[in-house]
Amino acid sequence: MVDRLANSEANSKRIAVVEGCFGAAGQPLAIPGRVLIGEGVLTKLCRKKPKARQFFLFNDILVYGNIVIQKKKYNKQHIIPLESVTIDTVPDEGDLRNGWLIKTPTKSFAVYAATATEKSEWMNHIGKCVRDLLQKSGKSPTGEHAAVWVPDSEASVCMRCQKVKFTPVSRRHHCRKCGYVVCGPCSEKKYLLPSQSSKPVRVCEYCYVQLTSGSSDSINRPGSKFNSNNLSDDEDEDDSSD
């Protein structure tokens, strides 16, 4: 079906509509062989709070952006190559239901659908697109993924030292290796994580020791009361939207 749609006029028009909604600030999306599989609004778990985002699934990329005017205008376009994507289901917890993790070497985050059926359809379509791409390219699935950030609300004190309480003066920071919410003194080190940035990025003291000693078991440190089901993400240390 994808091959049949690749060069169809209907597919070209649908992609042109998406490009138009992102405007001049968005990247061109129409290339030979690219097919728009589906689209919809998902709730993305961001650093500060869950936020609605418009997602577009193509046969080779996943695109999402902020909703300015529903079905008419989006901004802050993000493009994720599907070859690097791994997905894992997230158990329902409270108001956060029908979720799954989208994990890549550069960025990882949780999203939630409105219904269980919608979740199943998204996961099935993404999974099939990833499998088809890997089969065509002969590549192996990506083994390394960026940590998904723990939401600010999950940590009132530093997750490493368990001592520093966060206040307007004592700010929260995120370790780029494990995703934990940590205090300034526990995250003074920087380390080059090439899949995430061309420059050294903030890491916590624990991960710095693991990285410089060649070990990388930081996310599952024994005794941690947090687990990967409560994780979130955002690009910046400030409150900017993603």
Side-chain angles (χ1 to χ4, degrees), residues 1-46 50-89 98-142 145-146 195 233-235 240-242:
M1 179 179 176
V2 169
D3 292 336
R4 178 167 54 82
L5 290 172
N7 299 311
S8 71
E9 184 178 353
N11 179 64
S12 298
K13 286 182 177 179
R14 291 179 70 201
I15 294 178
V17 169
V18 177
E19 289 180 327
C21 288
F22 278 105
Q27 296 295 315
L29 298 173
I31 65 169
R34 177 169 289 164
V35 175
L36 178 57
I37 305 295
E39 61 183 270
V41 177
L42 298 174
T43 298
K44 181 174 178 290
L45 199 58
C46 300
K51 300 174 183 177
R53 297 286 182 258
Q54 182 74 28
F55 280 77
F56 300 92
L57 176 63
F58 296 82
N59 58 330
D60 62 333
I61 57 174
L62 182 66
V63 178
Y64 71 92
N66 294 11
I67 301 170
V68 180
I69 303 173
Q70 183 61 48
K71 296 185 179 298
K72 291 185 178 181
K73 186 177 181 181
Y74 311 112
N75 64 13
K76 297 195 175 180
Q77 183 189 73
H78 296 261
I79 299 177
I80 302 174
L82 285 179
E83 272 191 350
S84 65
V85 167
T86 300
I87 54 176
D88 288 317
T89 190
N98 310 313
W100 68 97
L101 296 177
I102 296 174
K103 301 188 294 184
T104 80
T106 305
K107 178 186 180 72
S108 301
F109 53 91
V111 292
Y112 294 83
T115 66
T117 299
E118 189 178 337
K119 169 187 174 177
S120 177
E121 290 177 349
W122 271 101
M123 291 190 72
N124 287 339
H125 284 304
I126 293 173
K128 185 178 188 310
C129 287
V130 173
R131 290 192 299 272
D132 289 348
L133 282 170
L134 293 175
Q135 185 176 15
K136 288 180 180 179
S137 67
K139 295 180 181 178
S140 300
T142 302
H145 303 104
S195 62
D233 125 294
D234 207 335
E235 281 81 25
S240 62
S241 175
D242 67 340

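Quick caveat: nothing in here was measured; it's all calculated off a predicted structure. The basis for the numbers below is simple: all heavy atoms, side chains too, and nothing from hydrogens, waters or symmetry mates.
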Discussion item. For a 4.5 angstrom cut-off between non-hydrogen side-chain atoms, does Q54 reach Q70?
Written reply: yes
Response to the item:
Which of K136, R131, K139 passes salt bridge (charged side-chain N to carboxylate O under 4.0 Å, His left out) with E83? Answer is K139
Worksheet item: Once you round to the nearest 0.5 Å, how far does CG of N98 lie from OG1 of T89?
Response: 9.0 Å
Worksheet entry | Trace of the side-chain contact (heavy atoms from CB on, under 4.5 Å) decision for W122 with L62 | CA-CA 11 Å; W122 271 101; L62 182 66; 4.2 Å; yes
Worksheet item: With a 4.0 Å cut-off, would you call K128 and D132 a salt bridge?
Response: yes
Worksheet entry | Side-chain (T43) to main-chain (K51) donor-acceptor, under 3.5 angstrom | no
Fill in: Over all atoms of both residues, closest heavy-atom pair of A110 and L101
CB-CD2, 3.6 Å
Item to complete: Check T106 against S195 and note the closest heavy-atom contact, atom names and distance.
Response: OG1-O, 3.0 Å
Item to complete: First locate atom CD1 of I80, then atom NZ of K107, and finally report the distance between them rounded to the nearest 0.5 Å.
Response: 7.0 Å
Worksheet item: Hey, what's the ring geometry for F55 with F109, parallel, tilted or perpendicular (30° and 60° as the breaks)?
Response: tilted
Discussion item. Rounded to the nearest 0.5 Å, what separates atom NZ in K76 from atom OH in Y64?
Written reply: 11.0 Å
Item to complete: For C129 and I37, work out which heavy atoms get closest and say how close.
Response: SG-CG1, 4.1 Å
Worksheet item: Taking the side chain as C-beta and beyond, is there a heavy-atom pair between F58 and I79 under 4.5 Å?
Response: no
Discussion item. Quick check against the 3.5 Å criterion: does S108 have a side-chain atom that pairs as donor or acceptor with the backbone of A146?
Written reply: yes
Practice prompt. Decide yes or no for D88 and K103: does some side-chain heavy atom of the first lie under 4.5 Å from some side-chain heavy atom of the second?
Written response: yes
Worksheet item: What's the shortest heavy-atom distance between D60 and L133, and which atoms?
Response: CA-CD1, 3.6 Å
Discussion item. So, applying side chain to side chain contact (heavy atoms under 4.5 Å, CB included) with P50, which one of V111, L42, L45 is it?
Written reply: L45
Fill in: L36 and V18: CA distance, side-chain angles, deciding distance, side-chain contact (heavy atoms from CB on, under 4.5 Å) verdict
CA-CA 9 Å; L36 178 57; V18 177; 4.0 Å; yes
Worksheet item: Mind checking whether V17 and K13 have side chains closer than 4.5 Å, heavy atoms only?
Response: no
Worksheet item: Hey, are the side chains of F22 and N75 touching, using non-hydrogen atoms and a 4.5 Å cut-off?
Response: no
Response to the item:
Here the pair of heavy atoms bringing I61 nearest to P81 is CG2-CA, 4.2 Å
Worksheet item: Does the side chain of N66 come within less than 4.5 Å of R53's, by heavy atoms?
Response: yes
Item to complete: For L82 and V130, work out which heavy atoms get closest and say how close.
Response: O-CG2, 3.4 Å
Worksheet item: Does R34 reach the main-chain N or O of L29 with its side chain, forming a donor-acceptor pair under 3.5 Å?
Response: yes
Item to complete: Please examine the side chains of N124 and E121, heavy atoms only from C-beta on, and report whether any two atoms are closer than 4.5 Å.
Response: no
